[in-house]
Amino acid sequence: MTQTKLNIPRHIAIVMDGNGRWAKRKHRPRFMGHKEGVETVREIVKSCSKLGVECLSLFAFSSENWKRPEEEITNLMGLFMMALDREAKSLARNNVRLQIIGELSKFSQKLQDKIKQVEQRTEKSTGLRLIVAANYGGRWDVTRAVQNLAKQVANNELKADQISEELISQNLSTYHLSEEGVPDPDLFIRTGGEKRISNFLLWQMAYAELYFTDALWPDFKDAELMKAITDYSSRQRRFGKTSEQVVAEQAALSEK
Ligand code: IPE
Ligand code: IPE
Ligand code: MG
């Protein structure tokens with residue numbers, strides 16, 4: 001059997017879904033699913049680091065998740081706090097840089113302080129960039145970018161017709177995480193069987209390859225990640241060009 005060479009995405013974005021159903025299947029409270037989900041995060045971070053993925057973005061809590069029962073929200077916040085506490089050291093040791101995006105002011109001061117502390121603790125890491133989206137919404141992100149640009153127009157620092165796709169991209173929360181800008185996701189994964197984006201990185205995902213799996217997040221371990229990357233590797237990314245153009249370009253590149 002010929003093994004095709006794996007094409008490792010620079011940026012993988014994941015909607016980690018299915019924790020509740022995982023717990024339900026095991027006749028356990030939803031919280032246990034979230035807890036097991038943290039174990040998956042640990043494993044997937046390790047795998048992505050080893051594979052040389054540059055960025056891993058994880059959707060942990062959406063701006064719509066506030067609609068959940070209060071008890072679940074409290075549990076999720078507690079778990080987030082605990083995971084930050086417990087993982088900070090090993091993230092730094094493994095050269096992983098953790099950054100959180102989202103409207104953080106809605107979180108308790110204690111959680112905000114913890115986030116800052118872990119971000120600072122891992123800021124010198126040069127390996128995998130782990131982006132956790134918390135109280136994040138793609139529409140919120142675009143709205144905020146537009147507000148920033150509108151303020152610059154109002155202050156005569158920018159003309160309205162100078163607003164470009166590039167400028168909007170540069171004002172999104174992901175862009176600011178790195179001096180050279182974070183690349184847009186190449187591969188979008190959603191676990192848990194639903195086939196929707198649920199307001200994750202809307203603008204940034206314009207050309208991401210989409211991969212949906214029925215595997216529930218607590219079961220999405222290394223083997224499942226490899227399936228997703230193998231599937232991604234078999235795709236031809238055309239970005240509007242014809243298939244023949246892409247093949248010709250690749251041939252020219254490999255001749256160099
Ligand atoms: C995803 O799992 C985790 C969060 C949204 C925080 P869910 O809690 O949505 O799990 P299901 O969809 O109910 O199975
Ligand atoms: C999306 O999952 C958000 C996160 C994984 C954090 P949901 O389970 O909240 O998504 P919907 O509401 O079913 O689309
Ligand atoms: Mg869900």
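Quick note: numbers below take in every heavy atom, side chains included, and nothing from hydrogens, waters or symmetry partners. Ligands are counted one by one from 1 in listed order, and the atoms in each one are counted from 1 as well.
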**Asked** Can a non-hydrogen atom of Arg68 be found less than 4.0 Å from any atom of ligand 2?
**Response** yes
**Prompt:** Would you say the side chain of Val15 lies within less than 4.5 Å of the side chain of Arg196, judging by non-hydrogen atoms?
**Reply:** no
**Request:** Distance to 0.1 Å, residue and atom name: give those for the protein heavy atom nearest to atom 10 (O) of ligand 1.
**Result:** Gly20 N, 2.9 Å
**Prompt:** Touching ligand 1 at all, Gly18? Heavy atoms, strictly under 4.0 Å?
**Reply:** yes
**Numbered atoms of ligand 1 (with element) below 4.0 Å of Met16, judged on heavy atoms** = 1 (C), 2 (O), 3 (C)
**Asked** Do the side chains of Ile14 and Trp217 get nearer than 4.5 Å, heavy atoms only?
**Response** yes
**Item:** Closest protein heavy atom (residue, atom, distance) for atom 1 (C) of ligand 2
**Value:** Val15 CG1, 3.9 Å
**Asked** Tyr232 and Asn7: side-chain donor and acceptor closer than 3.5 Å?
**Response** no
**Exercise: do Trp66 and Asn135 side chains pair donor with acceptor under 3.5 Å** = yes
**Message:** Are more than 12 heavy atoms, taken from residues, nucleotides or ligands other than Arg42, located less than 6.0 Å from that residue's CZ atom?
**Reply:** yes
**Request:** For His34 and ligand 1, answer yes if some heavy atom of the residue is under 4.0 Å from a ligand atom, otherwise no.
**Result:** yes
**Message:** Ignoring hydrogens and geometry beyond distance, is a side-chain donor-acceptor pair present between Asp219 and Trp22 at under 3.5 Å?
**Reply:** yes
**Metal site the Mg ion (ligand 3): N/O/S of Asp17 inside 2.8 Å** = yes
**Request:** Name the closest protein heavy atom to atom 8 (O) of ligand 2, giving the residue it belongs to and the distance to 0.1 Å.
**Result:** Asp17 OD1, 3.1 Å
**Prompt:** Looking at atom 13 (O) of ligand 2, what's its closest protein heavy atom, distance included?
**Reply:** Arg196 NH2, 2.9 Å
**Protein contact to atom 9 (O) of ligand 2 [nearest heavy atom, distance to 0.1 Å]** = Asn65 ND2, 2.9 Å
**Request:** Give a yes or no on whether Glu165 atom CD has more than 12 heavy-atom contacts from other residues, nucleotides or ligands under 6.0 Å away.
**Result:** no
**Prompt:** For Ala60, is the nearest heavy atom under 4.0 Å from an atom of ligand 1?
**Reply:** yes
**Item:** Protein heavy atom at shortest distance from atom 14 (O) of ligand 2
**Value:** Ser198 OG, 2.5 Å
**Asked** For Phe61 and ligand 1, does the shortest N/O to N/O distance drop below 3.5 Å?
**Response** no
**Asked** Hey, is the main chain of Gly192 close enough, under 3.5 Å, to the side chain of Asp17 for a donor-acceptor pair?
**Response** no
**Item:** Donor-acceptor side-chain pairing of Asn148 and Gln152 below 3.5 angstrom
**Value:** no
**Message:** Can you tell me if Gln112 has over 12 outside heavy atoms packed within less than 6.0 Å of its CD?
**Reply:** yes
**Fill in**
Quick look: Lys24 vs ligand 1, heavy-atom contacts under 4.0 Å, and the answer is neither
**Message:** How far is atom 4 (C) of ligand 2 from the closest protein heavy atom, and which atom is that?
**Reply:** Phe59 O, 3.8 Å
**Complete:** Closest to atom 2 (O) of ligand 2 (heavy atoms only, candidates Arg21, Glu194, Lys67, Arg190) is Arg190
